[in-house]
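Step one of this worksheet: look at the structure below.
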Amino acid sequence: MHKTTLTLLCLLQFLGLAAQQPELDSTHLLIDGSLRDEEAAARPFVYNRLQDAVAHLSDTTTLYFAPYVYWVDNPDSPAVVTGKNGREPFGMVIRTRKLTLIGLDPDASHTVLASQRGQTQGAVGNFTMFDFHVNDLTVENLTMGNYCNVDLDYPLRPELSRPKRNEAITQAHVGYVDGNRLYARNVRFISRLNLNPLNGARHSLYEDCHFECTDDALNGSAVYRHCTIDLYGQKPFWSTHGSGALFIDCDFTMKSQNREMYFMKQGGPLALIDCRYHAPTDSLYIGWTAYPQPWLRCYQQHFTLNGRPYTIGHRAPQNTVTLTDFKADTPPYLPVSRHEATLRTGRDQLALHAPQAQWRIPEGCEQYVRLEPGRGDSIVVIPTNNTDETARFCLEACTPDGRQAACALTIEPSQLPPPDFTRAPQIVIDGGTARLDYALDLQGRRDLSAVRWLRDGILVSESHGTPQRTYRLSAADNGHELTATISPQHQRSPAGEPRQASTTISGVAPANTLSTDFHDFPCQWQPQVREGYWTVDGFKPADTAEFDWSFNPAKPMWEYAEGFNGAVGYGLLQAQRGARIMYTPANQKAGSDMTLTLLVDPTKTAGQGFGSATGQYMDICVKFDTRTLTGYALRIIRTTKSAKAVDFLLVAYDHGRTAPLTDPVTATCYRTGCTISLTATDRQLTAHVSTTTPQPADSPLPHRVSLKADISPTDGTGVAIQHTGTCGESTTMLHHLQVAWTPAPARPRD
């Protein structure tokens with residue numbers, strides 16, 4: 001008998017699987033990494049590398065794996081890999097019709113398919129081990145792990161163990177499946193951020209599997225049975241799209257110290273049946289998502305936290321449906337044709353469809369809509385709101401088996417003409433303030449008129465939600481025409497034709513301070529650099545050239561809006577990557593000492609500040625020449641050093657290019673309630689950063705930052721904020737900015 005056959009037979013006998021010895025042929029291949037090249041070559045259908053076996057796939061193939069560590073991508077290669085055609089970089093792309101991967105050892109930890117790359121850690125983009133274009137994929141008795149940020153511990157053969165590539169957690173995936181069916185049994189999926197355990201198949205079933213993950217990790221369209229999930233982050237799903245995900249008899253074990261845990265970042269259907277959640281404390285809050293939409297409906301049955309019954313998402317009880325006798329093996333999903341709709345009385349109607357469902361108007365909302373039968377299972381919603389207020393509520397659908405769905409309706413009253421002016425608008429100067437005086441025939445309704453203030457035709461202040469009736473004057477207004485435009489509107493009208501009032505400003509005393517909470521900030525694109533004006537635009541700095549991104553000048557770069565996650569209340573947010581604002585002061589003496597204080601809330605809550613370590617930073621610039629882009633700044637940047645902290649360093653700007661003035665300090669203080677203070681003289685720049693958020697108990701990093709650097713005199717007196725990070729959940733909210741200039745003594749002549 002051939003030595004390879006003996007090796008396989010002995011292995012199977014040792015495992016008690018001799019009766020299941022696989023017959024090898026052109027569609028049944030064996031991979032045994034312990035074989036030498038000549039041993040593998042001497043036996044048909046036997047290989048010692050995964051790559052060699054994949055090169056011999058048929059239309060339908062089963063790959064058997066002997067216990068070993070099989071590297072999908074060479075972990076010793078110094079190359080930095082990139083993706084193609086706008087996709088992530090992949091370790092292996094496999095195309096076939098039907099593929100089965102089976103580890104011969106029932107202990108899944110003994111057979112490991114591994115890689116060790118992630119975003120910015122050996123890859124540009126979110127490195128992914130596998131891209132399966134397979135209609136039917138089965139994986140059993142395997143560990144599939146991206147060990148970029150996790151140690152590979154392999155006791156069977158310690159020499160195959162390998163330490164993690166980096167401590168800082170980054171996006172490192174397992175794989176995607178472009179096909180109809182995925183079945184995974186007894187598979188360990190290991191990574192951290194963005195696990196992606198073979199996401200993408202139209203039908204996915206995981207049985208007796210184990211998952212280790214942080215955020216944005218799990219397959220949001222799958223069924224999980226008898227699985228264990230170790231949670232190293234706060235939100236294991238990005239979203240559960242389509243019919244959602246179903247967990248049956250599963251255990252979730254919390255591995256972090258978060259006080260609140262959620263299942264999803266974005267809402268979607270989710271069901272947990274006979275599941276158990278294990279956490280360090282009973283005082284934990286568990287929600288479906290941090291900001292649930294009112295239409296969201298998720299399901300639970302016999303769910304416990306540390307052995308006690310627990311209602312998920314009890315802060316928003318309308319989102320949770322409690323089942324009592326669920327026995328199906330598909331998610332209890334009720335599709336509805338619309339989740340949200342805005343209807344105006346007298347103008348709109350809406351056809352809604354949910355199969356075999358009964359519809360219900362919430363008690364007290366009957367006056368706002370009327371329901372009429374539509375085609376088939378559809379109903380027609382007719383708005384009947386005759387009040388002055390907009391009504392918001394959920395129209396609910398339910399089926400006899402307990403499934404529910406909802407459509408969040410916004411029912412506007414019928415529209416009325418814009419209000420007439422009873423007193424024409426005029427500008428009244430009152431000390432250091434310009435006030436727009438006007439009166440409208442509102443008939444008791446709220447004034448929602450949009451007011452915009454312009455100096456010589458350039459926007460300097462605008463409304464964000466309520467009329468901005470006042471404008472704080474500055475010496476920059478002297479000698480210029482100040483215009484206020486108002487578009488009259490109340491809550492039941494569209495905006496009317498704008499009216500305007502103008503006056504010429506004089507006599508405003510110079511001031512050496514700038515203070516704003518951004519509530520009236522002019523957010524529209526304004527690229528001009530002029531004294532006394534904000535420049536509001538986008539800019540891609542030279543040091544981000546290796547990262548491929550751009551912005552659209554036709555769309556706003558900034559917005560005044562309500563925050564979320566770590567950003568509390570309202571403030572100024574970046575709307576596109578590359579958002580920049582610069583203020584060019586008037587009447588400030590070159591060489592003046594400057595102090596700047598900026599209060600911010602990063603949207604990210606773990607201290608990492610930005611989406612990834614791909615040239616994403618925020619610079620706060622002082623002594624800055626806004627025309628030549630020369631001066632000094634504090635840079636706050638995400639690096640590969642840490643997934644829960646950022647680096648702080650002082651930099652010098654020279655015509656848009658930067659050079660470090662200090663070594664970076666990695667710290668955890670870039671969190672909610674962050675105060676940034678800069679002081680710049682002709683000779684020295686200092687920076688201090690602190691936060692009101694308590695220091696993480698498990699972090700040895702500093703929670704305050706103090707930096708100091710010697711600088712050279714500069715004629716710049718401006719300030720700027722440059723943000724190169726991605727937007728959405730990676731923005732930084734600006735709450736308040738205060739700048740003061742102190743004229744410095746005359747410089748000595750040479």
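Remember, it's a predicted structure, so these values are computed and weren't measured experimentally. Side-chain atoms are counted along with the backbone in the values below, which use heavy atoms only and exclude waters and symmetry mates.
- Listed for the Gln574 side chain is a donor-acceptor partner under 3.5 Å among the backbone atoms of Thr732.
- For Thr433, the side-chain contact (heavy atoms from CB on, under 4.5 Å) criterion is met by Thr470, not counting sequence neighbours.
- Pairs of residues two or more places apart, or lying in two chains, that qualify as salt bridge (Lys or Arg N to Asp or Glu O under 4.0 Å) and include a residue from residues 529-546 are Asp537-Arg580, Asp543-Arg635.
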| query | Do Val705 and His688 pass the side-chain contact (heavy atoms from CB on, under 4.5 Å) test, and can you show the C-alpha distance, the side-chain angles, and the key distance before you say yes or no? | reply | CA-CA 5 Å; Val705 172; His688 300 281; over 6 Å; no

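- Proximity of the aromatic rings of Tyr653 and Phe624 is defined here by a centroid distance below 6.0 angstrom, and this criterion is met.
- Using a 4.5 Å heavy-atom threshold, the side chains of Gln616 and Thr726 count as touching.
- Taking a 6.0 Å sphere around CD of Gln257, one finds it holds 12 or fewer heavy atoms contributed by other residues, nucleotides or ligands.
- Between Asp710 and Arg683 there is no salt bridge, since no side-chain N of the basic residue sits under 4.0 Å from a carboxylate O of the acidic one.
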Taking only distance into account, with no hydrogens and no angle test, what donor-acceptor pairs under 3.5 Å do side-chain atoms of residues 599-609 form with protein atoms, sequence neighbours excluded?
residue	atom	partner	partner atom	Å
Asp601	OD1	Gly673	N	2.7
Asp601	OD2	Val568	N	3.0
Asp601	OD2	His735	NE2	2.8
Thr603	OG1	Thr731	O	3.1
Thr603	OG1	Thr731	OG1	2.9
Gln608	OE1	Ala606	N	3.3

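- Between Phe521 and Trp534, the distance from one ring center to the other falls under 6.0 angstrom.
- Within a 6.0 Å sphere centred on CG of Asp548, other residues, nucleotides and ligands contribute 12 heavy atoms or fewer.
- Expressed to the nearest 0.5 Å, how far CG of Leu685 lies from OG1 of Thr679 amounts to 8.0 Å.
- Remark: the backbone N or O of Lys235 is paired with a side-chain donor or acceptor of Asp215 at under 3.5 angstrom.
- Between the CG atom of Leu701 and the NZ atom of Lys644 there is a distance of 11.0 Å, given to the nearest 0.5 Å.
- Here Phe648 pairs with nothing under the ring pair (Phe, Tyr, Trp, His ring centres under 6.0 Å) rule; sequence neighbours left out.
- No more than 12 heavy atoms of other residues, nucleotides or ligands shown are found within 6.0 angstrom of OH on Tyr570.
- Asp715 places no side-chain N or O within 3.5 Å of a backbone atom of Asp625 that could act as its donor or acceptor partner.
- Between Phe211 and Phe189, the gap from one ring centroid to the other is short of 6.0 Å.
- Between the side chain of Gln234 and the main chain of Glu260, a donor-acceptor pair closer than 3.5 Å is present.
- Both tests hold for Arg192 against Tyr232: distance to the six-membered ring centre under 6.0 Å, angle to the ring axis within 45°.
- Under the side-chain hydrogen bond (donor to acceptor under 3.5 Å, both in side chains) criterion, Lys708 pairs with no residue at all, not counting sequence neighbours.
- Under a 3.5 Å cut-off, the side chain of Thr693 and the backbone N or O of Thr672 do form a donor-acceptor pair.
- Two residues are said to be in side-chain contact when any heavy atoms from C-beta on lie closer than 4.5 Å; Thr691 and Tyr670 fail this criterion.
- Going from atom OG1 of Thr240 over to atom CH2 of Trp288 covers 9.5 Å, rounded to the nearest 0.5 Å.
- Looking only at distances, a side-chain donor or acceptor of Arg455 sits under 3.5 Å from a matching main-chain atom of Gly532.
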| message | For Thr289 and Gln266: C-alpha separation, side-chain torsions, deciding distance, then whether side-chain contact (heavy atoms from CB on, under 4.5 Å) applies. | response | CA-CA 7 Å; Thr289 182; Gln266 302 293 319; 6.0 Å; no

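- With Tyr285 as the aromatic partner, Arg315 meets the cation-pi criteria of under 6.0 angstrom to the ring centre and within 45 degrees of the ring axis.
- Pairs engaging residues 549-560 under the salt bridge (Lys or Arg N to Asp or Glu O under 4.0 Å) rule: none recorded [sequence neighbours left out].
- Within the structure, the salt bridge (Lys or Arg N to Asp or Glu O under 4.0 Å) test picks out the following pairs touching residues 116-126 (sequence neighbours left out): Asp73-Arg117.
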| request: Show your reasoning for whether side-chain contact (heavy atoms from CB on, under 4.5 Å) applies to Thr544 and Tyr617. | output: CA-CA 10 Å; Thr544 67; Tyr617 61 78; 4.0 Å; yes

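- Residues satisfying the side-chain contact (heavy atoms from CB on, under 4.5 Å) test with Pro556, not counting sequence neighbours, are none.
- Contact check for Leu572 versus Met733: no side-chain heavy atoms found under the 4.5 Å cut-off.
- Under 3.5 Å, the side chains of Asp477 and Tyr471 contain a donor-acceptor pair of N or O atoms.
- Between Asp216 and Lys265 there is a salt bridge, with a side-chain nitrogen of the basic residue lying less than 4.0 Å from a carboxylate oxygen of the acidic one.
- Residues Arg452 and Leu459 form a side-chain contact, since some pair of their non-hydrogen atoms from C-beta on lies under 4.5 Å apart.
- Using a distance-only test at 3.5 Å, with no hydrogens or angles considered, no donor-acceptor pair links the side chain of Thr626 to the main chain of Thr584.
- For the pair Thr170 and Leu193, the minimum side-chain heavy-atom distance is 4.5 Å or more.
- Contacts of Ser515 classified as side-chain hydrogen bond (donor to acceptor under 3.5 Å, both in side chains), with partners at least two apart in sequence or in another chain: His736.
- The main-chain N or O of His519 is found under 3.5 Å from a side-chain atom of Asp517 such that the two form a donor-acceptor pair.
- Note that CG of Asp647 and OG1 of Thr639 are 4.0 Å apart. Values are rounded to the nearest 0.5 Å.
- Heavy atoms from other residues, nucleotides or ligands lying under 6.0 Å from CZ of Arg704 number 12 at most.
- With hydrogens and angles ignored, the 3.5 Å screen pairs no side-chain donor or acceptor of Asn258 with any backbone N or O of Met261.
- For the pair Arg162/Asp153, no side-chain contact is recorded, criterion being any heavy-atom separation below 4.5 Å from C-beta on.
- Residues satisfying the side-chain hydrogen bond (donor to acceptor under 3.5 Å, both in side chains) criterion with His278, sequence neighbours excluded, are Asp251.
- To the nearest 0.5 Å, atom CD of residue Glu729 and atom CG of residue Asn565 are 5.0 Å apart.
- Every side-chain contact (heavy atoms from CB on, under 4.5 Å) that Thr717 has, sequence neighbours left out, goes to Pro585, Gln588, Trp741.
- Atom CZ of Arg472 has 12 or fewer neighbouring heavy atoms from other residues, nucleotides or ligands inside a 6.0 Å radius.
- A donor-acceptor contact shorter than 3.5 Å links the side chain of Arg165 to the backbone of Gln116.
- Screening residues 649-661 for salt bridge (Lys or Arg N to Asp or Glu O under 4.0 Å), with sequence neighbours left out, gives no hits.
- The CG atom of Leu231 sits 5.5 Å away from atom SG of Cys213, with the distance rounded to the nearest 0.5 Å.
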| query | Going through the checks in order, is the side-chain contact (heavy atoms from CB on, under 4.5 Å) test met by Val536 and Trp525? | reply | CA-CA 5 Å; Val536 184; Trp525 180 274; over 6 Å; no

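- Remark: the Asp520 side chain and the Ser461 side chain contain an N/O donor-acceptor pair separated by less than 3.5 Å.
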